[in-house]
2 protein chains.
Amino acid sequence: MSLRESTASNLGFAILGLLARGAATGYDLAQRLERPVGYFWAARHSQIYPELARLAGAGLVAYDEEAGRGPRTTKRYRITPAGQVALADWVASEFEPQPVRDLEVLRLWSIWTVTPETARKVVQVARARHGELLARYQAELAEVESDPDSGDPRHPLFASRITLEGGLRTRRAALEWCDWMLTQWE
Amino acid sequence: MSLRESTASNLGFAILGLLARGAATGYDLAQRLERPVGYFWAARHSQIYPELARLAGAGLVAYDEEAGRGPRTTKRYRITPAGQVALADWVASEFEPQPVRDLEVLRLWSIWTVTPETARKVVQVARARHGELLARYQAELAEVESDPDSGDPRHPLFASRITLEGGLRTRRAALEWCDWMLTQWE
DNA sequence: CCTTTCATGTAATGGGTTACATGATTCG
DNA sequence: CGAATCATGTAACCCATTACATGAAAGG
């Protein structure tokens with residue numbers, strides 16, 4: 001665990017993390033970086049394709065070309081041994097906490113400028129959103145837990161399980177916070 | 001509460017939120033956007049000065065010039081009535097949840113690639129960081145709560161109090177999550 | 001036949017960090 | 001007298017979003 005110069009960006013490690021779980025096309029990666037992984041790290045395809053090219057240039061990923069359906073060939077990427085080392089290294093590396101940017105809290109921080117009635121509406125909308133996410137996480141966690149591999153610390157599903165558990169706990173705390181806030185306008 | 005075209009960026013509303021609590025120089029704003037406000041919205045002075053110029057151009061803030069200490073004049077900014085309206089409007093406006101980017105969770109999501117011993121170390125470091133933040137939030141909350149104005153929904157300290165309370169709850173949940181995780185490698 | 005999905009890229013723009021640049025006052 | 005603080009700005013670069021662009025196969 002030491003401070004290190006990275007060969008890949010944060011997005012690069014998100015992609016390596018996906019490829020460590022299985023080979024995929026840029027298109028596949030873009031979809032997973034919208035939905036399951038996107039809960040904590042989102043990205044669009046326009047960002048993913050150039051990053052894949054960089055990772056390939058650094059030898060952290062490699063690809064086979066299949067004759068594609070569109071105008072270009074389809075590239076199926078996989079992580080290389082060097083990529084696996086880089087990923088594991090990065091997981092264990094120390095890094096100082098990055099600057100946070102939470103739009104919901106920023107909004108609440110100025111909520112004293114509106115009437116209590118408006119304020120309560122804002123909190124209720126936020127509460128509903130947290131509730132939706134909580135339900136989604138719970139459903140996904142149930143699915144992951146149904147697989148016995150999710151108990152094995154060296155299996156990807158183990159990591160899926162603990163990150164989902166974290167999301168769940170965070171959302172539950174946020175819901176309780178919203179309920180508490182609603183009691184604060186007398 | 002309707003979807004609206006904003007006159008200011010998110011950073012702009014962070015600045016308006018600060019100025020709504022009192023006049024300040026760009027330098028003052030930069031400091032508060034590092035420490036207390038930086039817990040949920042951080043920014044550097046190189047971003048703040050141009051944004052202040054934009055806000056002034058849009059008539060949302062105004063400034064008085066004092067003969068400054070350095071090579072340039074010191075500008076003390078205050079929010080205008082139009083700025084107050086824009087801020088309150090924005091607080092009540094709907095906006096779809098922005099893409100999340102949480103480096104800590106991204107890292108844990110690939111933790112299955114390292115040995116259980118290394119993994120536990122990673123979680124312990126994260127746990128310590130959450131503990132530190134919790135302590136800081138608790139101290140700040142105690143200070144805010146000592147002021148009776150923090151109970152008045154139309155006073156800025158009310159909003160400081162509820163956002164700190166949220167930070168506290170989130171950190172507490174994160175700590176419990178870390179403790180739970182540590183039980184997961186048998 | 002039309003829409004969705006698969007599949008890949010590039011260009012323009014905006015947001016944010018790091019580094020460059022200047023200089024007076026205050027504190028040790 | 002040197003370092004920290006007050007105080008303001010600009011420039012280069014990186015990261016991310018939106019929009020532009022193309023085209024085949026599959027499904028309704």
Side-chain angles (χ1 to χ4, degrees), chain A residues 5-15 23-35 37-38 40-57 61 63-77 95-103 106, chain B residues 5-15 23-35 37-38 40-57 61 63-77 95-103 106:
Chain A
E5 287 299 312
S6 297
T7 38
S9 64
N10 291 331
L11 172 63
F13 288 114
I15 291 173
T25 66
Y27 185 86
D28 295 334
L29 296 171
Q31 288 196 306
R32 293 192 225 158
L33 282 167
E34 295 272 355
R35 249 189 328 143
V37 182
F40 47 87
W41 204 273
R44 307 293 167 88
H45 78 272
S46 60
Q47 222 189 330
I48 291 162
Y49 287 114
E51 183 64 29
L52 278 170
R54 274 188 291 274
L55 291 173
V61 304
Y63 59 89
D64 293 309
E65 278 175 296
E66 305 160 14
R69 303 209 288 184
R72 297 185 195 80
T73 58
T74 295
K75 291 170 191 157
R76 182 155 302 266
Y77 286 87
F95 37 84
E96 60 266 30
Q98 29 140 46
V100 186
R101 241 164 230 112
D102 190 325
L103 205 51
L106 182 63
Chain B
E5 287 301 312
S6 297
T7 37
S9 64
N10 291 331
L11 173 63
F13 288 114
I15 292 173
T25 66
Y27 185 87
D28 294 334
L29 296 171
Q31 288 198 306
R32 293 194 225 159
L33 282 167
E34 296 269 355
R35 247 188 330 143
V37 183
F40 46 88
W41 204 273
R44 307 293 167 88
H45 78 272
S46 60
Q47 222 189 332
I48 292 163
Y49 288 113
E51 183 65 28
L52 278 169
R54 273 189 292 274
L55 291 172
V61 304
Y63 59 88
D64 292 310
E65 276 172 298
E66 305 161 13
R69 302 209 287 181
R72 297 184 195 80
T73 58
T74 295
K75 291 170 191 158
R76 181 153 303 267
Y77 286 89
F95 37 84
E96 61 267 29
Q98 29 140 47
V100 185
R101 241 164 232 112
D102 189 327
L103 205 52
L106 181 63

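What you see below is based on every heavy atom in this structure, not just the backbone, and it leaves out hydrogens, waters and symmetry mates. Here the structure is a predicted model, which means the values were calculated and not measured.
- Note on B/Gln98: nothing from the nucleic acid sits closer than 4.0 angstrom, heavy atoms only.
- B/Arg101 places a side-chain N or O within donor-acceptor distance of the main-chain N or O of A/Ala42, the cut-off being under 3.5 Å.
- To the nearest 0.5 Å, atoms OG1 (B/Thr73) and CG (B/Asp64) are separated by 11.0 Å.
- Atom CZ in A/Phe95 sits 7.5 Å away from atom CG in A/Asn10 (nearest 0.5 Å).
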Exercise for review: Could you please spell out the steps behind the side-chain contact (heavy atoms from CB on, under 4.5 Å) verdict for B/Glu34 and B/Arg44?
Suggested key: CA-CA 8 Å; B/Glu34 296 269 355; B/Arg44 307 293 167 88; 3.6 Å; yes

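- One can place NE2 of B/His45 at 9 Å from C1' of D/dA7, the figure rounded to the nearest angstrom.
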Using atom names, set out every protein N or O paired with an N or O of nucleotides 24-26 of chain D below 3.5 Å, distance rounded to 0.1 Å.
unit_1	atom_1	unit_2	atom_2	d
D/dA24	O4'	A/Arg69	O	2.5

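- Between B/Leu29 atom CG and D/dA7 atom C1' the separation is 12 Å, expressed in whole Å.
- The line from CG of B/Leu55 to OH of B/Tyr63 is 12.5 Å long, rounded to the nearest 0.5 Å.
- Separation of atoms CD1 (A/Ile48) and CG (A/Leu33) is listed at 4.5 Å; rounding is to 0.5 Å.
- The CD atom of A/Glu96 sits 10.0 Å away from the CG atom of B/Leu103 when rounded to the nearest 0.5 Å.
- We find the CD-CD1 distance between A/Glu51 and A/Ile15 to be 5.0 Å, quoted to the nearest 0.5 Å.
- With a cutoff of under 4.0 Å to any heavy atom of chain A, the contacted region of DNA chain C is bounded 5' to 3' by C/dT5 to C/dT17.
- Of all heavy-atom pairs between B/Trp41 and B/Ala14, the closest is CD1-CB, 4.0 Å.
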Check the interface with nucleotides 14-17 of chain D: list each N/O to N/O pair with the protein under 3.5 Å, or write none.
unit_1	atom_1	unit_2	atom_2	d
D/dA16	OP2	A/Gln47	NE2	2.6
D/dA16	O5'	A/Gln47	NE2	3.1
D/dA16	O3'	B/Arg101	NH2	3.3
D/dT17	OP1	B/Arg101	NH2	3.2

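- Environment of CZ in A/Arg35: sparse, with no more than 12 heavy atoms of neighbouring residues, nucleotides or ligands closer than 6.0 Å.
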